[in-house]
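The structure presented is a predicted model; accordingly, all values stated were derived computationally and were not measured. Scope of the values below: all heavy atoms of this structure, side chains included, with no hydrogens, waters or symmetry mates.
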Amino acid sequence: MCLQKITDRIWVLPYDSFTDRPNLYYIRGDERSLAVDAGASPAHVEAFYRALREADLPLPEVTALTHWHWDHSFGLCAVSGQTIASAATVHQLETVQHWAWNRKAMHHREKTGEDIPFCNMCIMREYAAHPERIRVTLPQVALTDPLTIDLGGLQAVFMPCPSPHSDDALIIHIPQENALFAGDADCEDYYHQGGMYQEQPLREWIDRINGLTFVHYLIGHGEPETKEDALAYLQSQLDACIREAEPRKLVRTYLGDYIPKMRRIVGHAPLMGTGCSVLLVNAQGEILLQKRRDNGCWAPVGGALNMGETAEEAARREAWEEAGVVVGDMRLLGVYTGNDRYVFYPNGDVCYYTLITFVSNDFIGDPMQDTDEAVEHHFFAKDNLPSSLNRCDERSIRQWAAGDLEVVCR
């Protein structure tokens, strides 16, 4: 991937949505150069530096982190020159330094709320299913107050501040280039608010950037924007926060544990929901099934759709949570309804699930064994399926085994 020029002095190596690599920015001063964000991995840094060399640009003397999230900071161990972040970012990375990087530890942190499945799935892609290669490095300079660095003909103003996305943001203002580097600061909060904005942090962020003079609004994952367009969008989101304050509060109350909370209200009474599964097919044409812990039957990896998720996101998340497998491209196999969609749990709970099933041969990672919801995972040939297929999944499994890949809705 090549550098793209934004202004006479600013370039970007564009983001990659597959592994969630962010934009990496480069600012060329007369005397020093600055990089904004360290990237997701040493491989990401090397791609950035290779692009700089090809453009005949010197490597950055200074690299600044916009916040602690892995995709912006895990490449820090491979960067050259001085490194800068907010003191809050350094504090968080001190915690992350002690994290173990294997699938069991990653899953545990998801359960405790320290991390989220989306990040861990992207980490597995970025590190080719070898997260043990991660090396978390601390920035050399920790800022609690604004700092200005003269790059030669340009001043870089570093401003630590809270943001709607995280509490540890560092934004960089280059007045001479009319540019503000925001990182992910104006994004929703996925760690604590389930991917939703909160009114007060968003209002404070709008006031903060409205008080700065710039034209180019440069974000972590996306194309450059203008100040006017960014403010118009953010104001629309703030208006929605105000207008929908009580409903949004109610949604946040049920995020993450919707079914347990509903069960406390309705007891064992039937609940309607949506299930999402994915049939994973290996190079030998075999399908991955799991022996369920609750009923001993064999089923594809899958589970309930969470509020705010797409069906594809849910299927990928379930494959990661239940088997430690990260799924790439998928195609829809079918949407299944009918009398076989009732689920009767051993504890007496009853659910009725519409099932959305995908099929994929694009995945990484060997399936984990003996997980919370499955006794084991095993690949089966079409002509050697187990006899005890889970009743609610049998139609999709039989459809695949028959070679019928035409999308159905029945």
Starting from the C-alpha separation in whole Å, work towards a yes-or-no answer on side-chain contact (heavy atoms from CB on, under 4.5 Å) for Phe181 and Ile27. CA-CA 11 Å; Phe181 298 85; Ile27 303 97; 3.6 Å; yes

For [X] and [Y], work out which heavy atoms get closest and say how close.
X	Y	value
Tyr191	Cys119	OH-SG, 3.6 Å
Phe48	Ala35	CE2-CB, 3.9 Å
Ile171	Ala182	CG2-CA, 4.2 Å
Asp167	Ala88	O-CB, 4.4 Å
Ile219	Asn23	O-ND2, 3.0 Å

Can a donor-acceptor pair be found, under 3.5 Å and without considering hydrogens, that links the side chain of [X] to the backbone of [Y]?
X	Y	result
Ser41	His44	yes
Ser73	His69	yes
Asp16	Phe18	yes
Lys382	Arg398	no

Taking the six-membered ring for Trp, are His107 and Trp320 ring centroids under 6.0 Å apart?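 Judged by ring-centre distance (under 6.0 Å), His107 and Trp320 do meet the cut-off.
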
So which of Leu289, Val359, Val278 actually passes side-chain contact (heavy atoms from CB on, under 4.5 Å) with Pro300?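 So the option named by the test is Leu289.
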
Option among Asn339, Leu271, Thr337 that satisfies the side-chain contact (heavy atoms from CB on, under 4.5 Å) test with Tyr352: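 Looking at Asn339, Leu271, Thr337, the match for Tyr352 under the side-chain contact (heavy atoms from CB on, under 4.5 Å) is Thr337.
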
Is [Y] close to [X] at the side-chain level, that is, under 4.5 Å between some pair of heavy atoms?
X	Y	answer
Val301	Leu280	yes
Val12	Tyr26	no
Arg292	Glu373	no
Pro386	Phe380	yes
Asn306	Tyr258	no

Are a donor atom and an acceptor atom from the side chains of [X] and [Y] found within less than 3.5 Å of each other?
X	Y	result
Glu61	Gln82	no
Asn390	Asn295	yes
Ser277	Thr357	yes
Ser360	Asp362	no
Asn102	Glu132	no
Gln235	Asp239	yes

Can you see whether Phe214 has Lys227 sitting over its ring - NZ or CZ less than 6.0 Å from the centre and within 45° of the normal?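 Cation-pi check for Lys227 and Phe214: passes.
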
Report yes or no: is the cationic atom of Arg331 (NZ for Lys, CZ for Arg) under 6.0 Å from the centre of the six-membered ring of Trp400, at an angle within 45° of the ring normal?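 No, a cation-pi geometry is absent between Arg331 and Trp400.
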
CA sep, side-chain torsions, deciding dist, call: Tyr336, Glu394, side-chain hydrogen bond (donor to acceptor under 3.5 Å, both in side chains): CA-CA 11 Å; Tyr336 304 90; Glu394 186 165 1; over 6 Å; no

Dump the intermediate steps for side-chain hydrogen bond (donor to acceptor under 3.5 Å, both in side chains) on Asp168 and Ser86, then the final yes or no. CA-CA 6 Å; Asp168 68 317; Ser86 73; 4.7 Å; no

If we check ring pair (Phe, Tyr, Trp, His ring centres under 6.0 Å) with His165, which of these qualifies: His67, His221, His192, His72?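 With His165 as partner, His67, His221, His192, His72 yield a single ring pair (Phe, Tyr, Trp, His ring centres under 6.0 Å), made by His67.
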
Before accepting this row, confirm whether a basic side-chain N of the pair Asp349/Arg263 lies closer than 4.0 Å to the acidic partner's carboxylate O.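 Yes, charged N to carboxylate O under 4.0 Å.
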
